[in-house]
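See below for the structure under consideration.
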Amino acid sequence: ASGVQVADEVCRIFYDMKVRKCSTPEEIKKRKKAVIFCLSPDKKCIIVEEGKEILVGDVGVTVTDPFKHFVQMLPEKDCRYALYDASFETKESKKEELMFFLWAPEQAPLKSKMIYASSKDAIKKKFQGIKHECQANGPEDLNRACIAEKLGGSLVVAFEGCPV
């Protein structure tokens, strides 16, 4: 309950990622695979971090491993929120589901960790229907095995095309 607002653009991006309308191949390429959100400089609003996104069309073109690329976009010494459109396989089927991340690395300033933790509910309320949430405190929390565990545990056999 930090009183932090969520920018309309953040909600629009979530809606676009969540709703998979019948899209043309061109529209699909423009869809976001991952996007990172940060607090505005005055710490009053959650906004889209400039240039911190992966488009579906980038995968296989400029981005070979989207999850690894996503992890590398996170700052080493500050907190962030992120949405990641995870594609994974279970023993029965292939799935795509959105994951919400709170990135709060050990090296982040305490004040930053506190603001991000206390503002998490504000952004989560806007993200209705997210099944998977992951709080990561370091790169070790963002390996494929940890993510597979969050997505369905031992049922998950592959994540982003790689066996787990």
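Basis for what follows: all heavy atoms, side chains included, without hydrogens, waters or symmetry-related copies. Quick caveat, the model's predicted, so the values are computed rather than measured.
Look at Arg12 and Glu9 and you find no salt bridge, because none of the NZ, NE, NH1 or NH2 atoms lies under 4.0 Å from a carboxylate O.
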Could you pull out all donor-acceptor pairs under 3.5 Å where a side-chain atom in residues 41-48 meets a protein atom, sequence neighbours excluded?
| unit_1 | atom_1 | unit_2 | atom_2 | d |
| --- | --- | --- | --- | --- |
| Asp42 | OD1 | Ser40 | OG | 2.6 |
| Asp42 | OD1 | Lys44 | N | 2.9 |

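Between the side chain of Ser119 and the main chain of Ala122, no donor-acceptor pair closer than 3.5 Å is present. Lys126 places no side-chain N or O within 3.5 Å of a backbone atom of Ala7 that could act as its donor or acceptor partner. Of the possible donor and acceptor atoms, none in the side chain of Asn137 sits under 3.5 Å from a partner among the backbone N and O of Glu106.
Interatomic distance, SG of Cys79 versus CE of Met114, reported as 11.5 Å (0.5 Å rounding). Ile130 CD1 to Phe100 CZ: the interatomic distance, rounded to the nearest 0.5 Å, is 7.5 Å. Taken from SG in Cys134 to CG in Leu142, the straight-line distance is 6.0 Å, to the nearest 0.5 Å. From Leu55, atom CG reaches atom NZ of Lys33 across 12.0 Å, with rounding to the nearest 0.5 Å. Annotation: the span from Leu74 atom CG to Cys38 atom SG amounts to 11.5 Å, rounded to 0.5 Å. Atom-to-atom distance recorded for Ile115:CD1 and Leu39:CG is 6.0 Å, nearest 0.5 angstrom.
With sequence neighbours excluded, no residue satisfies side chain to side chain donor-acceptor pair (under 3.5 Å) with Gln107. The salt bridge (charged side-chain N to carboxylate O under 4.0 Å, His left out) search around Glu89 returns none, not counting sequence neighbours. Partners of Ser93 under the side chain to side chain contact (heavy atoms under 4.5 Å, CB included) rule, at least two apart in sequence or in another chain, are Thr90, Lys95. For Asp78, the salt bridge (charged side-chain N to carboxylate O under 4.0 Å, His left out) criterion is met by Arg80, not counting sequence neighbours. Shown here are the salt bridge (charged side-chain N to carboxylate O under 4.0 Å, His left out) partners of Lys124, two or more places apart in sequence or in another chain: Glu133. Contacts of His69 classified as side chain to side chain donor-acceptor pair (under 3.5 Å), with partners at least two apart in sequence or in another chain: none. By the side chain to side chain donor-acceptor pair (under 3.5 Å) test, Lys32 pairs with Glu53, sequence neighbours left out. Partners of Lys18 by salt bridge (charged side-chain N to carboxylate O under 4.0 Å, His left out), not counting sequence neighbours: none found. With sequence neighbours excluded, the residues that form a ring-ring contact (aromatic ring centres under 6.0 Å, His included) with Phe67 are Phe70, Tyr84, Phe159. Take Glu97 and apply the side chain to side chain donor-acceptor pair (under 3.5 Å) test, not counting sequence neighbours, and it matches Lys131, His132.
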Could you walk me through whether Ile54 and Met73 pass the side-chain contact (heavy atoms from CB on, under 4.5 Å) check?
-> CA-CA 10 Å; Ile54 301 171; Met73 291 192 317; 3.9 Å; yes
Step-by-step salt bridge (Lys or Arg N to Asp or Glu O under 4.0 Å) determination, Glu26 to Lys29 = CA-CA 5 Å; Glu26 280 311 303; Lys29 282 182 185 170; 3.7 Å; yes
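Placement of Met99 and Val71 within a single hydrophobic cluster is found when ILVMFWY residues are connected by side-chain heavy-atom separations under 4.5 Å, directly or transitively. Placement of Ile36 and Val6 in two distinct hydrophobic clusters is found when ILVMFWY residues are connected by side-chain heavy-atom separations under 4.5 Å, directly or transitively.
Ser112 places none of its side-chain heavy atoms less than 4.5 Å from the side chain of Lys77. Looking only at side-chain heavy atoms (C-beta outward), Phe14 and Ile123 stay at 4.5 Å or farther from each other. Using a 4.5 Å heavy-atom cutoff, the side chains of Val56 and Asp85 are not in contact. A heavy-atom distance below 4.5 Å is found between the side chains of Ile147 and Phe101.
With Tyr81 as the fixed residue, the ring pair (Phe, Tyr, Trp, His ring centres under 6.0 Å) test singles out one of Tyr116, Phe37, Trp103: Tyr116.
Crowding of Gln72 atom CD: a count of heavy atoms from other residues, nucleotides or ligands under 6.0 Å exceeding 12.
In terms of heavy-atom proximity, Lys125 sits nearest to Gln128 at O-NE2, 2.7 Å.
For residues 140-157, the pairs satisfying salt bridge (charged side-chain N to carboxylate O under 4.0 Å, His left out) are Asp65-Arg144, with sequence neighbours left out.
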